[in-house]
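Everything below concerns the one structure shown next.
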Amino acid sequence: MDEEQKLEYELQRILDMVGNSDLSGMTEFSNPSNSQDIMQGSEASIDKSDKMLSLTNKNFQSRDDLIEAAHKIAFVQGYALVIRSSEASIDKSDKMLSLTNKNFQSRDDLIEAARKIAFVQGYALVIRRSKSEIYVVLGCDRGGNYKSRKVPLEERKKKSASRLINCPFEIWGKKKRKLQGFWKLEIKSLLHNHEPSTDMSGHPYCRRFSNEEIMRIKEMCMAGIPPRQILSSLRQSNPHLQAISRNIYNKKAKILEESLAGRTVIQALVDELGEGGFSYNIEYDQEGHLTHLFFAHPISIELSKSYPHVFLMDCTYKTNKYKMPLLDIIGVSSFNTSFYSCFVFMQKEEEKDYVWALEMFNKILGVHNQPLVIISDRELALMNAIRIVFPSACNLLCMWHIENNILANCKPHFREEVDWVAFLSTWTDLIKSPNESSFDKAWDRFENEYKENAAVLNYIRGTWLPLKEKFVSAWTDEVAHLGNRATSRAEGVHATLKKYLQVSTGGLREVKEKICLAIEHQFQEIKTQLSSEKVRVPHRLRIPFFKEVVTHVSMFALDELYKQHEAAKYGNLSSQCTGHFFKTMGIPCGHMIKDMKIQVLPLNAIHNQWRMDARLFNNDQHGSLDDENDQINSLLLDFKEKYEKLPILQKDDTKRQLSQFVGTSFPLILEPKIQPHKGRPLGSKKRNESSSTRREPSKFEIVEKSRKCSVCKGVGHNKSTCPFQVAS
């Protein structure tokens with residue numbers, strides 16, 4: 001039997017068994033190798049009755065219609081079809097084919113052209129492989145398969161998903177040396193195994209930012225602009241931007257990672273402080289965790305040395321993710337505005353922590369710029385540290401904090417509102433006593449009037465009476481506090497700082513960057529105001545008396561001086577001059593002006609705090625270090641002169657010691673441990689963690705808002721447990 005007869009015999013046997021719908025007896029179909037031999041034969045082996053043949057006589061509107069018809073017939077026959085890549089399967093109308101006839105100047109031009117066409121068609125292309133200046137492989141962003149990690153899916157905490165479905169689309173870009181270095185596009189497969197997207201925002205690549213947008217994001221991040229506002233700004237310039245807020249957060253994280261350059265966060269922070277001309281110091285525990293960080297901006301140092309008379313010290317909280325208290329030291333300018341002097345992150349608020357912080361502050365001030373007055377609240381550890389580090393400074397207590405403490409601890413003991421109002425009036429008369437003898441008399445009246453209210457009297461006697469020299473007018477009016485009797489300006493700058501911080505979950509490096517923004521903004525305002533007031537003369541001050549002081553003294557001081565001048569002019573003065581105004585403000589009072597009997601006020605009659613003529617701020621980042629650099633240069637000259645005179649062996653020993661000093665590496669410092677809170681005041685309800693920078697309510701605020709007893713109007717109990725009700 002020849003070959004042709006064998007094929008006809010086999011074909012007839014197959015047709016007979018197909019008619020019986022039973023292929024199990026065919027060894028050719030049970031054996032894959034035999035079946036392939038049959039199917040790879042000549043045209044005589046084709047089943048003439050196969051419905052698939054009927055498709056060859058039809059015309060299809062599109063590639064997808066053809067594929068769908070073939071899939072249906074194969075499915076009925078018990079087969080499944082897949083798309084194989086072949087040159088014959090390429091859609092001749094695909095615009096991607098037009099790129100094969102073009103020459104591209106660069107790899108980027110080729111990629112951009114291919115991506116534009118794919119985007120219009122509803123696909124996104126990504127780089128699969130590439131080799132610089134040789135080739136690049138582009139594929140569909142749904143190409144490839146998901147690579148499972150070692151952790152099983154059911155054990156993962158984060159629910160994951162994948163868009164990869166092994167899409168076969170693939171094109172190549174190659175650099176042709178024969179074409180003078182032009183890039184050519186070659187097509188491997190233009191087929192996709194999925195439908196095109198009608199909305200491209202679901203593809204991560206389409207949400208990427210351009211290089212120009214990345215630069216804008218960096219600039220806006222440095223300016224402290226929130227991510228949502230950054231996104232809004234980008235959309236104004238690019239209405240077709242597909243990015244969402246998460247893309248901004250991811251880009252910020254990537255920018256942060258790039259800025260670290262392999263360093264730890266603390267190492268990067270320390271490097272930036274040193275390179276930025278900051279005065280700083282750190283402390284860490286035995287495990288290497290940071291415990292204390294002191295830093296002062298060069299601008300702040302310049303302002304602090306220019307206005308060293310009065311400083312306010314207060315801690316603020318909820319500024320960083322480590323929950324470290326932040327000691328903020330604030331100065332007062334000649335315009336009676338506030339400025340940041342220095343910042344200290346501390347592990348705890350104990351006396352030794354405050355002593356360390358104030359010693360660092362004392363070093364940047366220098367021996368010739370010691371403060372006259374320091375204002376704080378009744379933080380005993382801080383008060384003790386002030387006494388140790390600045391023994392010559394007068395430590396005054398904040399009147400605002402005192403009044404609020406009186407409210408929180410005394411008001412619950414008064415049943416009627418009228419009694420509470422009378423108590424406040426008596427207390428105010430006591431603390432405003434003009435001299436010591438009047439204070440003693442006022443205290444005797446106070447004790448006699450409230451002797452039956454033991455709780456209130458014991459509280460005043462035990463808490464505030466020992467500190468009377470720090471807040472009673474009889475003593476404070478003898479001190480040049482320049483009108484500062486409270487730390488309310490500190491509360492104001494805390495609020496301003498937290499507007500820059502936005503959240504309380506930032507790291508120390510991030511907080512430092514936001515602080516720098518606040519300092520630079522604050523300095524520019526002071527600098528501009530200084531320049532403006534030097535050239536402006538108020539019309540009401542164009543009189544001979546102010547001739548020497550206008551444009552040399554701040555407008556705030558001139559306004560105070562004008563009030564005193566008018567009082568002296570029209571006789572609106574008290575019968576006796578106490579001298580308190582001049583002592584506390586450094587500005588002549590009405591009585592002094594009247595007694596002077598002069599036509600022109602001399603400039604030296606004004607306290608140096610209010611003077612502008614001797615101040616000039618250049619905004620030099622390293623200007624505050626000039627004196628220190630001069631000292632170092634002087635030491636180096638002395639060292640060089642002495643070194644040249646040393647014997648050979650001593651020279652070698654000196655060089656070895658100097659090399660060891662220069663080669664000493666900075667120890668590895670870890671991030672701080674998260675510090676526990678002091679605890680919430682009694683009555684505070686919200687205990688969940690939050691990223692808000694808003695402070696927790698103080699005790700006096702809780703007292704004011706709490707529900708009160710209907711009998712005594714106190715808090716902490718109701719009518720049935722009221723002590724007055726029980727007593728009656």
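Computed from a predicted structure; not experimentally measured. We're numbering straight along the sequence, starting at 1.
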Could you measure the distance from the NZ atom of Lys131 to the NZ atom of Lys175? Nearest 0.5 Å is fine. 13.5 Å
Excluding sequence neighbours, so at least two apart, what forms side-chain hydrogen bond (donor to acceptor under 3.5 Å, both in side chains) with Glu272? Arg509, Lys512
Does Trp183 have Lys176 sitting over its ring (NZ/CZ under 6.0 Å from centre, angle to axis within 45°)? no
Are the side chain of Ser531 and the backbone of Thr528 linked by a donor-acceptor contact shorter than 3.5 Å? no
Among residues two or more places apart or on two chains, list those pairs meeting salt bridge (Lys or Arg N to Asp or Glu O under 4.0 Å) that have a residue in residues 244-264. Arg263-Asp271
With distance as the sole criterion, is a donor-acceptor pair present between the side chains of Ser341 and Ser304 under 3.5 Å? yes
Between His192 and Phe169, is the ring centroid distance below 6.0 Å? yes
Ring centre gap for His297 and Phe278 strictly below 6.0 Å: yes
What's the separation between atom OG in Ser338 and atom CZ in Phe311, rounded to the nearest 0.5 Å? 12.0 Å
Polar contact flag, side-chain donor to acceptor under 3.5 angstrom, Ser233-Gln229: no
Crowding at CZ, Phe75 (>12 non-hydrogen neighbours, <6.0 Å): no
Between the side chains of Tyr146 and Arg163, does any donor sit under 3.5 Å from an acceptor? no
How about Gln522 and Tyr340: does a side-chain donor come under 3.5 Å of a side-chain acceptor? no
Name all residues meeting the side-chain hydrogen bond (donor to acceptor under 3.5 Å, both in side chains) criterion together with Ser201; count only those two or more places apart in sequence or in a different chain, and write none if there are none. Asp199
Does a donor on one side chain sit under 3.5 Å from an acceptor on the other, for Glu491 and Ser488? no
Is the His292 ring parallel, tilted or perpendicular to the Trp356 ring (thresholds 30°, 60°)? tilted
How many angstroms lie between atom CZ of Arg489 and atom CH2 of Trp400, to the nearest 0.5 angstrom? 15.0 Å
According to side chain to side chain contact (heavy atoms under 4.5 Å, CB included), who are the partners of Glu213, at least two apart in sequence or on a separate chain? Phe209, Ser210, Leu234, Asn238, Leu241
Is Lys673 salt-bridged to Glu287, cutoff N-O under 4.0 Å? yes
Could you please spell out the steps behind the side chain to side chain donor-acceptor pair (under 3.5 Å) verdict for Arg216 and Asn211? CA-CA 9 Å; Arg216 290 187 60 193; Asn211 292 332; over 6 Å; no
Got a sec: does the NZ of Lys348 have more than 12 other heavy atoms crowding it under 6.0 Å? no
Just verifying a value: how many Å separate Leu273 CG and Leu293 CG, rounded to the nearest 0.5 Å? 6.5 Å
With sequence neighbours excluded, what pairs up with Ser532 under the side-chain hydrogen bond (donor to acceptor under 3.5 Å, both in side chains) test? none
Is atom CD of Glu212 surrounded by more than 12 heavy atoms (other residues, nucleotides or ligands) closer than 6.0 Å? no
Main-chain N/O of Ala243 paired to Arg208 side chain as donor or acceptor, under 3.5 Å: no
Residue pairs passing the ring pair (Phe, Tyr, Trp, His ring centres under 6.0 Å) test where at least one lies in residues 215-240, sequence neighbours excluded: none
Ionic contact status for Lys174 with Glu186, cut-off 4.0 Å: yes
Please report the interatomic distance CZ(Phe343) to OG1(Thr319), rounded to the nearest 0.5 Å. 10.0 Å
Any idea how Tyr123 and His194 line up, ring-wise: parallel (<30°), tilted (30 to 60°), or perpendicular (>60°)? perpendicular
Roughly how far apart are Ile217 CD1 and Leu231 CG, rounded to 0.5 Å? 8.5 Å
Quick check on the 6.0 Å ring-centre criterion: do Tyr322 and Phe345 meet it? no
Indicate whether the side chain of Asn250 and that of Arg207 have a donor and an acceptor atom separated by less than 3.5 Å. no
